Amino acid sequence: MAIHDKTPAAKEKNKRRLYILIGLRVFIISVFLAITVFIHVKKEIFEIPQITIYFFYLISAIVYLLSIFYIVLSRLKIGVTKNVILQIVLDILLITGLILNFGNTQIDFSLFYTLVIIYSVFFLGRRGGLVVASVNSILYGVLLDLEFYRIMPFASLLNLKYDVNLSAADVLTNIIVRITSFYILAFLVSFVVEQEKKALLMLEEKESEFSQLDVLFRSIVESVYTGVMTLNMKNVIKTFNRAAEDITGYSRNEVEGKKIEDLFPPLLPFLSESGRENSRVNVKITGKNKTAIHLGVSIAPLKGRRENQIGNILVFQDLTQIKEMEKIIEKNRNLAIIGEMAAGWAHEVRNPLTAITGSIELLNRGLNLDGTNKRLMDIILRSKEQLEGFARDFLLLARPVPPSRERVNINAAAEEALEHIKIGSEWNDNIQIQKSLADGVEAFANKEQVRQIIHNLLLNAVQSMDENGVLSIETATVHLSDGKKYAEIKITDTGCGIEESDLSKVFEPFFTKKTKGTGLGLTIVSHIIEGYKGKIELKSDKGRGTTCWVWLPADEET
């Protein structure tokens, strides 16, 4: 990679190479200095003049000082090009000075020229390397001629003797061989550098393509409306896209790096079965906010380049709303069947029932019964009331929500329903009543049906308490998560409570665990509330009581 490459990566790489060059120079001169010290210590063995040793010390000191100077220049934001050219010039001068003083026959100092050619190619490219090779060739030829003619200006100062006799043929051969080697070296090194540059460019292109593919993959994964989660072979979560965050409520940072059994344990048993190419399962997990989430999950093995399994990939959709819709559809189907039964039953039974009821009441008023006959008449009257209640519940369940609606005072409807409950046979005077009715609570509905909702809920609460207890009724105007305004009715009792497994069944027709009743009371409540597009929620603690919330729309739908 030539120094003329202006990319930030190239500049940083050339700067690193500059420091490496300085470090190598320091290393070489340190070896040279160590040899000089050794010769100095063992000077009685080597026939080298003292002044020559001091000259070697001087050369070492100059190189060290120049190395420090080069580092200072790089810190002063001097360009790498200028710094390298300065180093090349000074290195050539130092090598030339060594050859000029010591010659090139006893010690081949010209080998240092090759080092200058090599690093000049790395920094200045092929052209720069050829220029340096040419300069070195000229200087080498001149120096060899001076040695041939024994013109060594500083030889007397260093007390050097030249006993080597060079012929003209030897000089010419040395010049041709050395100059040829300089140029061949420049070409070979430049070839290696060019190949390195091409390899680096190809690598950068591949890295760029890989980065683009990675960005594209992540964009696709993040853009789909389907949850995507990948696991390694230890079931540690590695990928978790935005849709998965929305479905589960967990953020990517909360799940990545954690085991799936710590967050979604219901999925773990199905991972062992994922050897099949694509297994589809429905599973219920618990989200971050502790809500139940129904998922449709496709599990497939995640494979590496060698087609070996490196983990699993899970693609999942939120089926919670679909499950709720299925429940509603099933419930509506049951209600439709009951509605048809109610309509036919009312037509066939109500008229004869009315005649029987009237006849029994006339007989009861006209006869003076006592003893066994009176008990039998009481049984007939109670059975008649149960049968009438059963017929009435059927008709309420079959009756659609009336299209004509008005603003209903919820507090007034609650008071009326409470009074009606207190005069009924189910009421116990030991039950304490607590009321918290906010002012101005209104619903846009039918008054009779609102009263029916409250009546049925109060009746269920009273029936759940044995001899005493606390019955609480609260009203308020609230805004729910959908941004709409609702009239809220909250009824709480301290009765026997409902089993957790039964909470999902209490709105089903005929579901009851009481000895009395038809099992249609809460079904009627749910039917009316759904007709108004309201909401109902039950929470119960077995043995401690139940709380029911009802929300009815407070404004007319536009």
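As the structure is a prediction and not an experimental result, all values here were calculated from the model.
- Of the possible polar contacts, one joining the S74 side chain to the I71 backbone as a donor-acceptor pair under 3.5 Å is found.
- The minimum heavy-atom distance linking A243 with G227 is given by the pair CB-N, 3.9 Å.
- By the side chain to side chain donor-acceptor pair (under 3.5 Å) test, D318 is found to be paired with T320, residues two or more places apart in sequence or in another chain being considered.
- The closest donor-acceptor contact from the side chain of N83 to the backbone of K15 lies at 3.5 Å or more, if one exists at all.
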What side-chain donor-acceptor pairs closer than 3.5 Å can you find for residues 250-260, not counting sequence neighbours?
residue: S251; atom: OG; partner: E254; partner atom: N; Å: 3.4
residue: S251; atom: OG; partner: E254; partner atom: OE1; Å: 3.2
residue: R252; atom: NE; partner: F240; partner atom: O; Å: 3.0
residue: R252; atom: NH2; partner: E222; partner atom: OE1; Å: 3.2
residue: R252; atom: NH2; partner: E222; partner atom: OE2; Å: 2.5
residue: R252; atom: NH2; partner: F240; partner atom: O; Å: 3.3
residue: E254; atom: OE1; partner: S251; partner atom: N; Å: 2.8
residue: E254; atom: OE1; partner: K288; partner atom: NZ; Å: 3.3
residue: E254; atom: OE2; partner: K288; partner atom: NZ; Å: 2.8
residue: K258; atom: NZ; partner: E254; partner atom: O; Å: 3.2

Evaluate the side chain to side chain contact (heavy atoms under 4.5 Å, CB included) criterion for residues V408 and N446: first the C-alpha distance (whole Å), next the side-chain angles of each, then the deciding distance (0.1 Å), finally the verdict. CA-CA 7 Å; V408 179; N446 178 270; over 6 Å; no
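- At least one donor-acceptor pair closer than 3.5 Å links the side chain of S540 to the backbone N or O of G545.
- Looking only at side-chain heavy atoms (C-beta outward), N460 and L522 come within less than 4.5 Å of each other.
- With sequence neighbours left out, D502 forms a salt bridge (charged side-chain N to carboxylate O under 4.0 Å, His left out) with K513.
- Residue N456 holds its CG atom at 8.0 Å from CD1 of I421, rounded to the nearest 0.5 Å.
- Of all heavy-atom pairs between P301 and N312, the closest is CA-OD1, 3.8 Å.
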Would you sort out whether K535 and Y486 count as a side chain to side chain contact (heavy atoms under 4.5 Å, CB included), showing the intermediate values? CA-CA 9 Å; K535 301 177 182 181; Y486 290 86; 4.2 Å; yes
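- In terms of heavy atoms, A414 sits closest to I473 at CB-CD1, 3.6 Å.
- Take K238 and apply the side chain to side chain donor-acceptor pair (under 3.5 Å) test, not counting sequence neighbours, and it matches no residue.
- A salt bridge links R17 to E196: one of the charged nitrogens lies within less than 4.0 Å of a carboxylate oxygen.
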I'd like to know whether E245 forms a salt bridge (Lys or Arg N to Asp or Glu O under 4.0 Å) with R242, so could you lay out the CA-CA distance, the side-chain angles of the two residues, the decisive distance to 0.1 Å, and finally the verdict. CA-CA 5 Å; E245 293 179 329; R242 188 179 296 111; 5.3 Å; no
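- The two residues A554 and E442 make their nearest non-hydrogen contact at CB-O, 3.5 Å.
- Other residues, nucleotides and ligands place no more than 12 heavy atoms under 6.0 Å from the CE atom of M202.
- From E416, atom CD reaches atom CZ of R451 across 4.0 Å, with rounding to the nearest 0.5 Å.
- Around atom CD of Q195, more than 12 heavy atoms belonging to other residues, nucleotides or ligands sit under 6.0 Å away.
- In this structure, the side chains of T291 and T286 stay at 4.5 Å or more apart for every pair of heavy atoms.
- Contact check for W549 versus I536: no side-chain heavy atoms found under the 4.5 Å cut-off.
- Here CG of L295 is found 8.5 Å from OG1 of T248. Values are rounded to the nearest 0.5 Å.
- Among residues two or more places apart in sequence or in another chain, the salt bridge (charged side-chain N to carboxylate O under 4.0 Å, His left out) test is passed with K284 by none.
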Identify every side-chain donor-acceptor pair in residues 488-497 under 3.5 Å, counting partners at least two apart or on other chains, and give the distances.
residue: E488; atom: OE2; partner: W551; partner atom: NE1; Å: 2.8
residue: T492; atom: OG1; partner: T547; partner atom: OG1; Å: 3.4
residue: D493; atom: OD1; partner: S464; partner atom: OG; Å: 3.4
residue: D493; atom: OD1; partner: G495; partner atom: N; Å: 2.8
residue: D493; atom: OD1; partner: T546; partner atom: N; Å: 3.3
residue: T494; atom: OG1; partner: V470; partner atom: N; Å: 2.9

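- In summary, E330 and K327 do not engage in a salt bridge, as defined by a charged side-chain N under 4.0 Å from a carboxylate O.
- Ion pairing between E415 and K435 holds under the 4.0 Å rule for side-chain N and carboxylate O.
- For D541 (side chain) and R544 (main-chain N/O), no donor-acceptor pair under 3.5 Å exists by modelled atom type.
- Distance NE2/H420 to CG/L418: 12.0 Å, rounded to 0.5 Å.
- You'll find the side chain of E500 stays beyond 4.5 Å of the side chain of K542, heavy atoms only.
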Go through the steps for L314 and L271 under the test side chain to side chain contact (heavy atoms under 4.5 Å, CB included), then give the verdict. CA-CA 9 Å; L314 287 75; L271 294 176; 4.0 Å; yes
Is there a side chain to side chain contact (heavy atoms under 4.5 Å, CB included) between V441 and D439 once you walk through the steps? CA-CA 6 Å; V441 181; D439 294 333; over 6 Å; no
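- Within the 4.5 Å cutoff, the side chain of K485 has heavy atoms near those of the T477 side chain.
- Scanning all heavy atoms of the two residues, the minimum distance from L18 to F123 falls at N-CZ, 3.6 Å.
- I247 places a side-chain heavy atom less than 4.5 Å from the side chain of I293.
- Atoms CD and CG, from Q463 and L458 in turn, are 11.0 Å apart once rounded to the nearest 0.5 Å.
- For the pair I410 and A443, the tightest heavy-atom approach, listed with the atom from each and the gap, is CD1-CB, 3.7 Å.
- To the nearest 0.5 Å, atoms CG (L302) and CD1 (I299) are separated by 13.0 Å.
- At a cut-off of 3.5 Å, with distance as the only test, a side-chain donor of T475 or N411 sits close to an acceptor on the other residue.
- R407 places no side-chain N or O within donor-acceptor distance of the main-chain N or O of A445, the cut-off being under 3.5 Å.
- In this structure, W427 and V462 have side chains that are in contact, with non-hydrogen atoms separated by less than 4.5 Å.
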